[in-house]
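Reading through the structure tokens given below for one structure.
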2 protein chains.
Amino acid sequence: MTKEEVIKEYRVREILDAARRVMARYGMQGTTVDRVAEEAKVAKGTIYLYFDTKDELVNAAVIEGLREMAAEVLASDDPSKPPLERIRRLILAQFRIQSSNQDFLKTLIIGNSLDIELESQPGREFMRVYAGHLDFVASVLQDAIDHGAIRRIDPQFAAFMLGEMLTGSLRRRLLKLASSPLESDAEAVVELFLKGIATIPCD
Amino acid sequence: MTKEEVIKEYRVREILDAARRVMARYGMQGTTVDRVAEEAKVAKGTIYLYFDTKDELVNAAVIEGLREMAAEVLASDDPSKPPLERIRRLILAQFRIQSSNQDFLKTLIIGNSLDIELESQPGREFMRVYAGHLDFVASVLQDAIDHGAIRRIDPQFAAFMLGEMLTGSLRRRLLKLASSPLESDAEAVVELFLKGIATIPCD
DNA sequence: GCATAGACTGACTGTACGTTCATTTGACTG
DNA sequence: CAGTCAAATGAACGTACAGTCAGTCTATGC
């Protein structure tokens, strides 16, 4: 690798890291080329020596971030462990990696889906609607617990996870990771969720 | 209610519906006041008679959309059914309601987290990283199936849902719906996921 | 049928921000 | 040390878009 290529790679890395820090701090909406340039301690023009457009820069920053995290998960795997232990470690590793990338992930997960600050009038209203819905689902679960129909589990936690599976099913369709109709996932989610929390999960 | 109030409510509803249609079609980024005005067949200025800022408009449109969906879920509930059946119906109802609001939800779930078109160079690259990761997790699950350690389940589906639970845990913290450290969720997810798919889920 | 209020309009303004490019810097060469 | 050239700079430009407001339209009351 020539000297120029080393410098180029160093600059690119520096700019991408800066972009990710800016995204974490200001959210997707608030990420401007000026801010990235300031954070990377280079002039605005310099960024355009390495990236054609702002979009290209932001996309590269996000994809590179995900790539690094995926690589870290892969590196944590030990195929020689017994299968269940391997899955357990896989989950724990992902948790660890996620939490050390919290700020970055935040912009992908909430920050920009709505560009809402949690501590603001609309943010609180949004959360009131959402929390109300979760409370309702949790109350149905609590009712089932009281009837001994499912095992004792934190109903708020379970309600939230159920919601994640439901929106996840839709997301999976939208990402074209599954082409069967949405309805056919319903039974699969029921099965996964219920067998996970039912008192008598054995057939 | 006076005549003026009726007209006002009608206008507000009309504008909010238009905003949601624009959001669905152009994504959060591409939602401009001009487009909403055109879609609602009113002048730009009219929108500012009912909403102080664009942010207020967008927030109202999103929150109203969520509110309507939450109300629909609530209306579908029948507390007289047995608990497990009630949960089952709850899940199915949410699936139904989600799919009839697909376009709207899309902007909240993916469209704008990254403002990426799925069918584009960066979109494909993004998906390649993500799909690669899912393939890896699925292969671990497949391995466990082959060893008879977990029950037969679509490994791609399970891998995706596991990922949803993991990012869900983070999202739950970020939304301030749980304050305990992220790590303490790890065991709960392991439990929910494994007991859901393990061959021998009974203690 | 005229007057008045206020709902509605859309051309206009200000600005934030992505992108460009003429100029400067500084590392390397002979 | 002078000459060369790519890398870097940041002022300037163009555009898209949120927000404004002077003017028009329409309904209601007299």
Side-chain angles (χ1 to χ4, degrees), chain A residues 1-23 25-62 107 112 114-117 120-122, chain B residues 1-23 25-62 107 112 114-117 120-122:
Chain A
M1 203 192 285
T2 74
K3 198 165 189 175
E4 285 77 35
E5 281 174 334
V6 173
I7 287 181
K8 180 165 180 174
E9 193 146 311
Y10 174 79
R11 272 285 132 78
V12 167
R13 168 161 233 92
E14 209 168 38
I15 292 170
L16 288 181
D17 285 351
R20 234 137 50 206
R21 282 196 300 276
V22 171
M23 282 168 46
R25 199 171 324 134
Y26 297 99
M28 214 63 123
Q29 185 80 235
T31 298
T32 65
V33 177
D34 281 284
R35 277 181 175 155
V36 174
E38 193 191 340
E39 176 73 25
K41 296 198 184 73
V42 295
K44 206 179 186 179
T46 306
I47 287 177
Y48 284 89
L49 295 176
Y50 299 98
F51 299 93
D52 285 345
T53 65
K54 181 204 174 184
D55 271 9
E56 199 187 291
L57 165 64
V58 170
N59 290 335
V62 171
T107 66
N112 53 96
L114 245 194
D115 230 326
I116 264 183
E117 198 58 46
S120 70
Q121 180 50 33
Chain B
M1 202 192 287
T2 74
K3 196 166 189 174
E4 285 78 31
E5 282 174 333
V6 173
I7 287 181
K8 179 165 181 171
E9 193 145 313
Y10 175 79
R11 271 285 130 79
V12 167
R13 166 161 234 93
E14 207 169 39
I15 292 170
L16 288 181
D17 286 351
R20 235 138 47 208
R21 283 196 300 276
V22 171
M23 283 169 45
R25 199 171 324 132
Y26 297 99
M28 216 62 126
Q29 187 78 238
T31 298
T32 66
V33 177
D34 282 286
R35 276 182 175 156
V36 174
E38 194 191 339
E39 177 73 26
K41 295 198 184 76
V42 296
K44 200 180 187 179
T46 306
I47 287 178
Y48 284 92
L49 295 175
Y50 298 99
F51 299 93
D52 285 344
T53 63
K54 182 204 171 184
D55 270 10
E56 200 188 290
L57 165 64
V58 170
N59 290 335
V62 171
T107 66
N112 53 96
L114 248 193
D115 231 323
I116 265 182
E117 198 58 46
S120 71
Q121 179 51 32

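Order of the sequence lines sets the chain letters (A, B, ...), proteins ahead of strands, with each chain counted from 1. Just the heavy atoms: all of them, side chains too, but no hydrogens, waters or symmetry mates, feed the values below.
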Under 6.0 Å from the six-membered ring centre of A/Tyr50 and within 45° of its axis: does the NZ or CZ of A/Arg11 meet both?
no
Rounded to whole Å, please give me the gap between [atom1] in [X] and [atom2] in [N].
{"X": "A/Leu49", "N": "C/dT25", "atom1": "CG", "atom2": "P", "value": "17 Å"}
{"X": "A/Leu57", "N": "C/dT19", "atom1": "CG", "atom2": "C1'", "value": "13 Å"}
{"X": "B/Ile47", "N": "C/dC8", "atom1": "CD1", "atom2": "C1'", "value": "12 Å"}
{"X": "B/Tyr50", "N": "C/dG6", "atom1": "OH", "atom2": "P", "value": "13 Å"}
{"X": "A/Glu56", "N": "C/dG18", "atom1": "CD", "atom2": "C1'", "value": "14 Å"}
{"X": "B/Lys8", "N": "C/dG6", "atom1": "NZ", "atom2": "P", "value": "14 Å"}
{"X": "A/Glu14", "N": "D/dA7", "atom1": "CD", "atom2": "C1'", "value": "14 Å"}

Flag the pair [X] / [Y] as yes when at least one side-chain heavy-atom distance between them is below 4.5 Å, and no otherwise.
{"X": "A/Tyr26", "Y": "A/Thr32", "value": "no"}
{"X": "B/Leu16", "Y": "B/Leu57", "value": "yes"}
{"X": "B/Glu56", "Y": "B/Asn59", "value": "no"}
{"X": "B/Met23", "Y": "B/Val62", "value": "yes"}

For A/Arg13, look at atom CZ and say whether over 12 heavy atoms of other residues, nucleotides or ligands are found less than 6.0 Å away.
no
Treating primed atoms plus P, OP1 and OP2 as sugar-phosphate and everything else as base, which nucleotides of nucleotides 17-24 of chain D get B, S or - for protein heavy atoms under 4.0 Å?
SBBB----
Identify whether any heavy atom of A/Phe51 sits under 4.0 Å from a base atom; if not, whether one sits that close to sugar-phosphate; answer base, sugar-phosphate or nothing.
nothing
